[in-house]
Protein chains: 2
Amino acid sequence: MSTASALASQFTAARRPSICCNASCRHAAVCEATQGGDPTLLDMRQVVERVGPFSEGDRLVQPDAPHRAAFAVLSGLAKTVGDGRVLAFHLPGELFALDVPRTQTHSASVVAVGKTWFCRFPRTATDALCEHSEAIAAHLRALRRRERAFTRRATDGSAAERVKSFLLELLDRRRRVEGIGSGFIPLPMSRDDIGSYLGMSAATVTRMLARLRSEGSIAIRADGVDVLQEASLRG
Amino acid sequence: MSTASALASQFTAARRPSICCNASCRHAAVCEATQGGDPTLLDMRQVVERVGPFSEGDRLVQPDAPHRAAFAVLSGLAKTVGDGRVLAFHLPGELFALDVPRTQTHSASVVAVGKTWFCRFPRTATDALCEHSEAIAAHLRALRRRERAFTRRATDGSAAERVKSFLLELLDRRRRVEGIGSGFIPLPMSRDDIGSYLGMSAATVTRMLARLRSEGSIAIRADGVDVLQEASLRG
DNA sequence: CGACTCTTTGATCCTGATCAACACCGGTGG
DNA sequence: CCACCGGTGTTGATCAGGATCAAAGAGTCG
């Protein structure tokens with residue numbers, strides 16, 4: 001996917017937003033923006049635009065571009081990329097691109113992983129909402145803190161430990177937005193992306209997953225992994 | 001050195017402070033607190049207490065203890081220790097323990113390396129000075145930022161690179177407080193301390209220094225190293 | 001002088017990177 | 001329908017950087 005076509009796709013998608021955020025959205029229970037329908041946050045639904053579809057490699061935001069909106073993943077997966085490394089993954093329901101309090105610009109790229117839809121929250125609209133609703137302002141502040149916490153941590157510990165805590169992190173995040181669910185963790189991103197995020201080679205990611213499988217902790221599927229013994233991952 | 005004797009030594013030293021900060025102090029030109037006699041900072045001299053001597057392993061501040069003072073190294077060397085690792089070294093003339101804007105407590109230990117004297121700046125006094133002098137307030141803010149920058153960086157790059165940049169960091173800091181001087185870098189701390197700071201074993205520190213010597217970049221002495229070819233360290 | 005600690009140096013081991021071969025899969029064109 | 005193809009994932013072989021362990025200097029302090 002060339003840069004030109006990635007941008008073309010972005011603009012095509014952005015030009016036909018549709019407003020459709022309400023309780024009947026099949027992701028309503030999941031969405032961080034509205035916190036599963038928290039009444040004090042209902043106004044967030046008035047400002048959202050649904051944008052997409054984006055496909056593999058499309059860039060949603062550019063580094064150093066002015067910060068014009070925050071986004072929530074509606075379906076699919078997104079990654080934040082900076083300094084040639086994957087800095088964060090964004091799961092369905094998660095609000096992101098809240099960074100940039102001072103510079104007023106995005107500090108890194110956000111790229112779609114596979115076919116992805118987003119909900120877009122224009123900056124001007126959310127700023128206005130924050131003005132007259134302390135609940136929304138506090139909610140966005142909390143999410144901004146959380147986004148920082150999800151960004152690539154210092155690479156300490158062995159490769160095995162980092163892979164285990166990566167799986168547990170995804171499992172916990174999926175549960176938080178979707179409620180306690182299956183032990184399945186979709187991994188639509190490439191092994192290279194995982195390795196970049198965890199600071200190791202793709203081959204090592206594969207090897208560590210294979211080791212966890214041989215220990216009986218997980219089962220590996222084409223589109224992700226099944227957690228069979230969560231306790232042994234946490235141990 | 002047991003904890004009990006370290007504390008005893010601390011209290012013994014703290015009980016006889018002497019006020020003697022003026023232009024004739026043989027470290028006046030060096031001292032960050034007064035910035036070599038900057039007239040707008042002269043009031044700092046009114047609040048300082050000289051404390052010491054501390055000896056190897058004595059603890060100057062305890063983690064989670066209330067933040068009651070900042071310190072400058074008068075002679076010797078100090079290290080900040082947290083999580084079982086050396087987080088920073090403090091050279092003569094450098095002001096430190098300025099941390100703790102929010103928690104109001106120290107976040108880590110400060111420990112003397114060898115026989116060391118300090119200048120102590122009580123928090124209540126410096127707070128009062130900041131009230132009526134914007135110059136002093138700005139000076140302390142700048143030093144606080146600098147202290148954060150000196151704290152253990154993420155361990156990236158090879159062991160050889162980290163040792164080289166460690167030597168250059170000490171060289172630059174010595175020059176900044178003492179003016180352009182010799183190419184000698186005192187290393188009164190143990191190889192273990194250096195290794196802890198740089199995230200490698202003491203044996204590797206020794207080996208990397210030996211390699212630099214064999215390349216002709218430095219000469220190793222009992223109490224430090226002489227930089228012979230600064231350019232090859234920077235390269 | 002002797003006990004002790006710290007540094008240096010050698011030998012070995014372990015982790016993970018790198019390189020290469022191969023399997024697998026979805027698409028594309030005959 | 002099948003052969004082909006490029007990209008991705010898996011697996012094996014090899015390699016390099018440092019950790020670890022051990023033993024031998026070198027101070028240092030009593």
Side-chain angles (χ1 to χ4, degrees), chain A residues 1-2 5 55-57 77 79 84-86 111 113-115 154-167 185-215 218-226, chain B residues 1-2 5 53 55-57 77 79 84-86 111-115 154-167 185-215 218-226:
Chain A
M1 171 77 60
S2 72
S5 69
S55 48
E56 178 64 33
L77 183 80
K79 60 183 176 184
R85 297 193 303 229
V86 173
V111 177
V113 175
K115 182 178 172 184
T155 57
D156 56 344
S158 68
E161 287 164 3
R162 279 179 289 182
V163 169
K164 285 203 279 189
S165 69
F166 172 67
L167 294 179
I185 305 174
L187 296 175
M189 70 294 267
S190 71
R191 295 287 189 264
D192 273 292
D193 280 342
I194 298 175
S196 171
Y197 178 66
L198 295 177
M200 67 188 70
S201 70
T204 298
V205 174
T206 289
R207 265 183 254 271
M208 294 303 119
L209 291 176
R211 183 191 297 183
L212 291 176
R213 177 185 50 194
S214 77
E215 292 169 356
I218 65 172
I220 298 177
R221 306 192 346 201
D223 50 354
V225 303
D226 280 308
Chain B
M1 172 76 59
S2 73
S5 69
S55 47
E56 177 65 33
L77 183 81
K79 60 183 177 185
R85 297 192 304 227
V86 173
V111 177
V113 175
K115 182 179 172 185
T155 58
D156 56 343
S158 68
E161 287 163 2
R162 279 178 289 182
V163 168
K164 285 204 278 190
S165 70
F166 172 67
L167 293 180
I185 304 174
L187 296 175
M189 70 293 266
S190 71
R191 295 288 188 265
D192 273 292
D193 280 343
I194 298 175
S196 171
Y197 178 66
L198 295 177
M200 67 188 70
S201 70
T204 299
V205 173
T206 289
R207 266 182 254 272
M208 294 303 120
L209 291 176
R211 183 191 298 184
L212 291 176
R213 177 185 51 195
S214 76
E215 292 169 356
I218 64 172
I220 299 178
R221 304 190 351 197
D223 50 354
V225 303
D226 279 309

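Chain identifiers are assigned alphabetically (A, B, ...) following the order of the sequence lines, protein sequences preceding nucleic acid strands; residue numbering begins at 1 within each chain.
Atom CG of B:Leu77 and atom CG of B:Asp193 lie 8.5 Å apart (nearest 0.5 Å).
First and last contacts of DNA chain C with chain A, using any nucleotide atom under 4.0 Å from a protein heavy atom and ordered 5' to 3', fall at C:dG16 to C:dT18.
Here the closest non-hydrogen pair linking B:Leu167 and B:Ile185 is O-CD1, 3.4 Å. Among all heavy-atom pairs drawn from B:Val113 and B:Met189, the shortest one is CG1-CA, 3.7 Å. When all heavy atoms of B:Gly84 and B:Ser196 are compared, the closest pair comes out as O-OG, 4.2 Å.
Applying the side chain to side chain contact (heavy atoms under 4.5 Å, CB included) test to B:Ala202 and every residue at least two apart in sequence or in another chain returns B:Arg191, B:Asp192. Checked against salt bridge (Lys or Arg N to Asp or Glu O under 4.0 Å), A:Lys164 has no partners two or more places apart in sequence or in another chain.
D:dT10 atom P lies 14 Å from atom CZ of A:Arg221, rounded to whole Å.
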Can you check each nucleotide of nucleotides 18-29 of chain D against protein heavy atoms at under 4.0 Å and return B for base, S for sugar-phosphate only, - for none, in 5' to 3' order? SSB---------
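Contacts classified as salt bridge (Lys or Arg N to Asp or Glu O under 4.0 Å) and involving residues 203-215 of chain A (residues at least two apart or in different chains) are not found. The salt bridge (Lys or Arg N to Asp or Glu O under 4.0 Å) analysis of residues 194-203 of chain A, with sequence neighbours excluded, yields no pairs.
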